[in-house]
Amino acid sequence: MIRPADYIHPEDEAARRNMEAIPGFAAAMKLMMRYYDEQITHGMNMANKIRLSPTQLPAIYGKLPPVCKRLSITEPEFYLEMNPFPNAYAMGETRTMITVTSGLLEYLTDEEVSSVIAHECGHIACHHMLYHTLALTLLEKINDLGILGAAVMPVYWALQYWSRRSELSADRAGAVALGSIDKIVEVQIRLAGGPKSITQDVNIAEFMKQADYYDSLQENKWDKLLQNYAILNSSHPFTAIRVREILRWGETEQCRRILERLALEAEGLLCPACGKEVAGEWCYCKYCGHKLKEAIG
């Protein structure tokens with residue numbers, strides 16, 4: 001089984017540890033527990049969106065179970081929201097919920113929609129939901145907290161900094177769920193430049209160079225300060241950065257091993273009991289004795 005520890009981005013882990021060490025972080029968590037109620041969000045979703053299921057728009061719903069199985073997570077509640085803006089988001093810690101917008105379904109191909117769903121499920125698999133929910137709660141309540149709101153702003157900015165790194169892990173999780181990084185890249189290209197009819201021939205290498213050029217804009221402290229200020233309140237990294245990061249990971253030995261293992265699993269060439277590679281003609285695993293199939297004759 002592929003575990004989140006096998007693919008979580010190191011900057012995600014580092015940012016989380018730094019965030020948890022900030023004075024006031026524990027107090028911010030208490031504020032969230034006071035103001036946030038998953039049952040309210042669940043009720044609003046049920047009343048105002050379409051909940052997808054095997055009997056409700058099954059063609060859309062059917063994209064979710066294979067992703068959940070690959071990432072070894074419990075299926076979240078799955079909703080469709082009428083919104084022309086292409087978007088998807090996950091909420092909740094104990095009751096997880098994923099929403100896709102009508103704009104997303106109209107804008108992307110079926111395979112690209114599966115990629116977005118895999119990304120959102122990746123947040124759940126990587127255990128991001130508690131801190132994502134904290135960031136959303138602080139954003140909604142911070143103006144109502146007066147002086148206390150100003151006091152927790154450093155926590156909110158740290159959450160946003162971590163959130164941008166968490167997206168890199170979720171992109172990797174999406175690649176794991178799909179067995180390929182290609183659709184992860186394609187979705188980012190669509191979100192950066194437009195529908196497939198316009199962007200299908202984008203030169204990916206040239207687009208990656210834009211991320212390198214962006215880095216060059218931060219070579220002195222003042223320019224770095226300006227660029228950090230520009231993204232301070234954003235929960236997502238810039239698109240060119242995400243494309244470069246997932247493509248770089250795709251070239252690593254870590255990614256190669258994971259995708260090869262997933263390919264073997266899809267072909268039935270991994271023992272479900274011990275996880276070791278088996279031959280197609282084996283009836284029993286020679287490593288652990290697990291029965292693989294019925295003997296012929």
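Remember, it's a predicted structure, so these values are computed and weren't measured experimentally. Numbering of residues begins at 1 and proceeds along the displayed sequence.
In this model, a donor atom of one side chain and an acceptor atom of the other lie less than 3.5 Å apart for Asp12 and His128. Inspection of the Glu81 and Tyr89 side chains reveals an N or O donor paired with an N or O acceptor under 3.5 Å. At a cut-off of 3.5 Å, with distance as the only test, no side-chain donor of Thr109 or Lys196 sits close to an acceptor on the other residue. With hydrogens and angles left out, the side-chain atoms of Thr101 and Asn83 include no donor and acceptor closer than 3.5 Å.
Residues satisfying the ring-ring contact (aromatic ring centres under 6.0 Å, His included) criterion with Tyr107, sequence neighbours excluded, are absent altogether. Partners of Gln39 by side chain to side chain contact (heavy atoms under 4.5 Å, CB included), not counting sequence neighbours, listed by chain and number: Asp37, His42, Arg95. Residues passing the side-chain hydrogen bond (donor to acceptor under 3.5 Å, both in side chains) test with Lys224, sequence neighbours excluded: none. Judged as a side chain to side chain contact (heavy atoms under 4.5 Å, CB included), and not counting sequence neighbours, the contacts of Ala279 are Glu281, Trp282.
The hydrophobic cluster of Ile8 has no other members, since no ILVMFWY side-chain heavy atom comes under 4.5 Å of it.
Taking every heavy atom of both residues into account, Ile181 and Gly250 meet most closely at CD1-CA, 4.0 Å. Taking every heavy atom of both residues into account, Ala118 and Val67 meet most closely at CA-CG1, 3.6 Å. Closest approach of Ile184 and Gly174 over heavy atoms only: CD1-C, 3.7 Å. In terms of heavy-atom proximity, Arg70 sits nearest to Ala177 at CG-CA, 3.4 Å. Closest approach of Leu247 and Ile204 over heavy atoms only: CD1-CG2, 3.4 Å. The minimum heavy-atom distance between Ala90 and Ile98, with the atom names listed, is CB-CG1, 4.0 Å.
For the pair Thr96 (side chain) and Gly92 (backbone), a donor-acceptor distance under 3.5 Å is absent. Side-chain N or O atoms of Glu93 include one that pairs as donor or acceptor with a backbone N or O of Leu130 at under 3.5 Å. Distance alone, capped at 3.5 Å, places no donor-acceptor pair between the Arg165 side chain and the Ala14 backbone. Here the side chain of Thr199 pairs a donor or acceptor atom with the backbone of Pro195 at under 3.5 angstrom. A donor-acceptor pair under 3.5 Å links the side-chain atoms of Ser216 to the main chain of Tyr213, judged by distance alone. No side-chain donor-acceptor contact under 3.5 Å links Glu277 to the backbone of Leu264.
Note on Lys183 versus Glu186: salt bridge recorded, some NZ/NE/NH1/NH2 to OD/OE distance being below 4.0 Å. Taking 4.0 Å as the cut-off between side-chain N and carboxylate O, Arg16 and Glu13 count as a salt-bridged pair. With respect to the salt-bridge test (charged N to carboxylate O, under 4.0 angstrom), the residues Lys209 and Glu206 qualify.
A heavy-atom distance below 4.5 Å is found between the side chains of Ser115 and Leu178. Here the side chains of Ile22 and Trp157 are not in contact, with every heavy-atom distance at 4.5 Å or above.
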Next item on the list: Take Glu251 and Arg248 through the salt bridge (Lys or Arg N to Asp or Glu O under 4.0 Å) test and state the conclusion after the steps.
Entry: CA-CA 5 Å; Glu251 296 174 351; Arg248 282 181 174 175; over 6 Å; no

Check: What's the verdict on side chain to side chain contact (heavy atoms under 4.5 Å, CB included) for Ile258 and Gln254, showing C-alpha distance, side-chain angles and the deciding distance?
Finding: CA-CA 6 Å; Ile258 289 174; Gln254 179 192 47; 4.3 Å; yes

Next item on the list: Please assess Arg242 against Glu245 for the test salt bridge (Lys or Arg N to Asp or Glu O under 4.0 Å), listing each intermediate value before the final yes or no.
Entry: CA-CA 5 Å; Arg242 290 177 68 174; Glu245 285 296 316; over 6 Å; no

Item checked: Derivation of the salt bridge (Lys or Arg N to Asp or Glu O under 4.0 Å) call for Asp215 and Arg244 -> CA-CA 12 Å; Asp215 287 346; Arg244 183 182 63 184; 2.7 Å; yes

Margin query: Show, in sequence, the C-alpha distance, side-chain angles and deciding distance for Cys126 and Ser166, and conclude whether the side chain to side chain contact (heavy atoms under 4.5 Å, CB included) test is met.
Written below: CA-CA 9 Å; Cys126 293; Ser166 77; over 6 Å; no

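By the neighbour-count criterion of 12 heavy atoms within 6.0 Å, atom CD of Glu111 is sparsely surrounded, having that number or fewer from other residues, nucleotides or ligands. Heavy atoms from other residues, nucleotides or ligands lying under 6.0 Å from CZ of Arg51 number more than 12.
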Please table the atom pairs, donor to acceptor, closer than 3.5 Å between any side-chain atom in residues 234-241 and protein atoms at least two apart or in another chain.
from	atom 1	to	atom 2	distance (Å)
Ser234	OG	His236	N	3.2
Ser234	OG	His236	O	2.8
His236	NE2	Glu167	OE2	3.4

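Both Val113 and Leu64 are assigned to one and the same hydrophobic cluster, defined by single-linkage of ILVMFWY side chains at heavy-atom distances under 4.5 Å.
For the ring-ring contact (aromatic ring centres under 6.0 Å, His included) with Tyr131, the lone residue among Tyr161, Trp162, Tyr156 that qualifies is Trp162. Residue Tyr61 forms a side-chain contact (heavy atoms from CB on, under 4.5 Å) with just one option from Thr55, Leu52, Leu80, and that option is Leu52.
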